[in-house]
Amino acid sequence: MPRNYDIAELKRLDVAHHLPAQQDYKLIEDMGGSRIVTHAEGCYIYDGDGNRILDGMAGLWCVNIGYGRDELADVAADQMRELPFYNTFFKTATPPTVMLAAKIASLTGGRLPHVFFNASGSEANDTVFRMVRHYWQVKGEPKRKVFISRWNAYHGSTVAGVSLGGMKAMHEQGDLPVPGVEHVRQPYWYNEGRDMTPEAFGLACAKAIEDKILEVGPENVAAFIGEPAQGAGGVIIPPANYWPEVERIVRKYGILLVCDEVICGFGRTGNMWGHETMGVKPDMIAMAKGLSSGYQPISAVAVSKEIVDVLKTGGDFVHGFTYSGHPVAAAVALRNIEIMEREHLVERTRDDTGPYLAKMLVTLNDHPLVGETRSVGLLGAIEIVADKATGARFGGAEGTAGPMVRDLCIENGLMVRGIRDTIVMCPPLIISHAQIDEMIGIIRKALDLALPRLTAI
Ligand SMILES: *Cc1c(COP(=O)(O)O)cnc(C)c1O
């Protein structure tokens, strides 16, 4: 049970001292402080105001095995007693770090046998950024520096993460991207491709990558990076032919293929990796979030033998963090993966709960506000529109309906995210059919409550 916190005092301290992530500080001040989440169990979070909320976002796309796993607390405590920290700078490593690297390698089917650890998804993508450029330098093609990414991609919040990402609002703060990152159109069929079949649109979006390669000069392009399905961009699931065509194009020009598996990895899309779901074989993948189900901050980059063989001819790769391969985080991640395997959470997502979520989302299609529902595994989205036929948005531009429906969901006991006018969900992989029913029921209620308010706009 939670401690008896003084919630009013915590809210006061929050406003006075705490700067939360990706937030308007003035808004939090006007609200009188953040919602204080005190404890959680299974698929539910509890706040200091006495609310029990179904966590439709698995924390922040990460708590795949759900909350309240004593086993992970015990593993962390045991590891802290035995060895709370040691680094990997001094020709040293710790047992959990080495075992986790081997485990991740095996989860890639041995195709990406080498693993570099960091503490966050953003750092994993920083590692990608530096390692890819270093690889081409060592290989004797130093001109290959350019990364191609997509508009509205999310690759993190560090300088490299924001640069690789395609969030214009993030670029505007601080003169990013850094030089050497080029962005191309995203495979967002509902918003950008409805005048074409999904197949034609998938090919057109892949062709944009080839056009960019030719514009930049293939000899200058280092890598293409993409999320198998975009998460923070609004759960954008590309047409089935997009990724295989992307792979064909990058192979044609000898460019590295990097998948950002920070959300899609560890079963989210119904396979261990999102790239398996999309049918491609990347040279490098970044992972975080589901790696430890958020119980510890840890991320990793898994790398092909071909790349590491080249790096081995280049001397020191002068990159790495104090907490690279942190033993407590690694021990927790290992046990998290063991739990996922023991409980068959990937198979369950693929064969049972993923298809069930898809089926239940379809039941919302009759609602006057719903333009489209889509999902892959346990990653789902609902497009809220003013006109189902044209896809027109309330207020003439996106950003009015999404926050309203999101807030109504939260008020009615479901945590979801509103991205523009897209409601997205990413529940823990332990979610039951009854809890999916609860989630869909609350969303329908929120849509019903929003309908008269939105039509009055
Ligand atoms: C969350 C996320 C990141 C950044 O991870 P952090 O741990 O927040 O740094 C990078 N890529 C993707 C696809 C993400 O969803």
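A quick note: this is a predicted structure, and the numbers were derived from the prediction, not measured.
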F147 meets the ring pair (Phe, Tyr, Trp, His ring centres under 6.0 Å) criterion, sequence neighbours left out, with F129
Is any NZ, NE, NH1 or NH2 atom of the basic residue among K289 and E261 found under 4.0 Å from an Asp or Glu carboxylate oxygen of the other?
no
Minimal heavy-atom distance between N241 and E199, with the atoms involved, is ND2-O, 2.9 Å
Sorted by chain and residue number, the salt bridge (Lys or Arg N to Asp or Glu O under 4.0 Å) partners of E306 (sequence neighbours excluded) come out as K139
Side-chain donor-acceptor pairs under 3.5 Å in residues 223-236, sequence neighbours left out?
unit_1, atom_1, unit_2, atom_2, d
E227, OE1, G231, N, 2.9
E227, OE2, Y154, N, 2.8
Q230, NE2, N152, O, 3.2
Q230, NE2, Q186, OE1, 2.9

Would you say R81 has more than 12 foreign heavy atoms packed within less than 6.0 Å of its CZ?
-> no
Carboxylate-amine/guanidinium contact E141 K143, below 4.0 Å
no
| message | For K305 and D283: C-alpha separation, side-chain torsions, deciding distance, then whether salt bridge (charged side-chain N to carboxylate O under 4.0 Å, His left out) applies. | response | CA-CA 9 Å; K305 177 176 184 304; D283 302 295; over 6 Å; no
Residue set satisfying ring pair (Phe, Tyr, Trp, His ring centres under 6.0 Å) with F85, at least two apart, ordered chain then number -> Y323, H326
side-chain contact (heavy atoms from CB on, under 4.5 Å) evaluation trace for M439 with L357:
CA-CA 10 Å; M439 190 161 81; L357 174 65; 3.7 Å; yes
| request: Could you please spell out the steps behind the side-chain contact (heavy atoms from CB on, under 4.5 Å) verdict for R69 and I339? | output: CA-CA 10 Å; R69 299 280 191 163; I339 291 172; 3.5 Å; yes
Sorted by chain and number, sequence neighbours left out, side-chain contact (heavy atoms from CB on, under 4.5 Å) with N271 holds for E276, T277, R350
Scanning both residues in full, the closest heavy-atom pair of D421 with A397 reads OD2-O, 4.1 Å
What I'd like to find out is whether the side chain of R144 reaches to under 4.5 Å of the side chain of Y135, using heavy atoms alone.
no
Across all chains, not counting sequence neighbours, the ring pair (Phe, Tyr, Trp, His ring centres under 6.0 Å) partners of F117 are none
Here the side chain to side chain donor-acceptor pair (under 3.5 Å) pairs for residues 160-169, sequence neighbours left out, are none
query: If only atom types and distance count, is the side chain of W136 paired as donor or acceptor with the main-chain N or O of A222 below 3.5 Å?
result: yes
By side-chain contact (heavy atoms from CB on, under 4.5 Å), T92 pairs with (sequence neighbours left out) Y86, N87, F90
* Asked: Donor-acceptor pair, R393 side chain versus I384 backbone, under 3.5 Å?
  -> yes
_Regarding H319 and T127, do their side chains bring together a donor and an acceptor under 3.5 Å, going by distance alone?_
yes
*asked:* Tell me whether D47 contacts the main-chain N or O of I36 through its side chain, where contact means a donor paired with an acceptor under 3.5 Å.
replied: no
- Query: Is any side-chain heavy atom of L334 closer than 4.5 Å to a side-chain heavy atom of K103?
  - Reply: yes
For H155 and N125, the nearest pair of non-hydrogen atoms, with its separation, is O-ND2, 2.9 Å
field: Side-chain donor or acceptor of R133 paired with backbone N/O of K145 under 3.5 Å
entry: yes
Tightest non-hydrogen contact, residues G380 and S375, listed as CA-CB, 3.9 Å
_Taking the side chain as everything from C-beta on, heavy atoms only, tell me whether V181 gets closer than 4.5 Å to H183._
yes
For A331, the side-chain contact (heavy atoms from CB on, under 4.5 Å) test, sequence neighbours excluded, returns V75, Q79, P96
* Lys/Arg N to Asp/Glu carboxylate O, E71 vs R342, below 4.0 Å -> yes
ask   = side-chain contact (heavy atoms from CB on, under 4.5 Å) between M415 and L54: does it pass, once the steps are laid out?
value = CA-CA 6 Å; M415 185 60 78; L54 177 60; over 6 Å; no
Correct closest heavy-atom pair for A302 and T108 would be CB-CG2, 4.4 Å
Which pairs of donor and acceptor atoms, one on a side chain in residues 209-219, lie under 3.5 Å apart (sequence neighbours left out)?
unit_1, atom_1, unit_2, atom_2, d
E210, OE2, K252, NZ, 2.8
E210, OE2, Y253, OH, 2.6
D211, OD1, K207, NZ, 3.1
D211, OD2, K207, NZ, 3.2
K212, NZ, E182, OE1, 3.2
K212, NZ, E215, OE2, 3.4

field: Donor-acceptor contact below 3.5 Å, side chain S292 vs main chain P297
entry: no
By side-chain contact (heavy atoms from CB on, under 4.5 Å), V346 pairs with (sequence neighbours left out) M272, M340
Does D14 come within less than 4.0 Å of R35, counting only side-chain N to carboxylate O? no
Show which side-chain atoms of residues 170-180 pair as donor or acceptor with protein atoms under 3.5 Å away, not counting sequence neighbours.
unit_1, atom_1, unit_2, atom_2, d
H171, NE2, V162, O, 3.0
H171, NE2, G165, O, 2.9

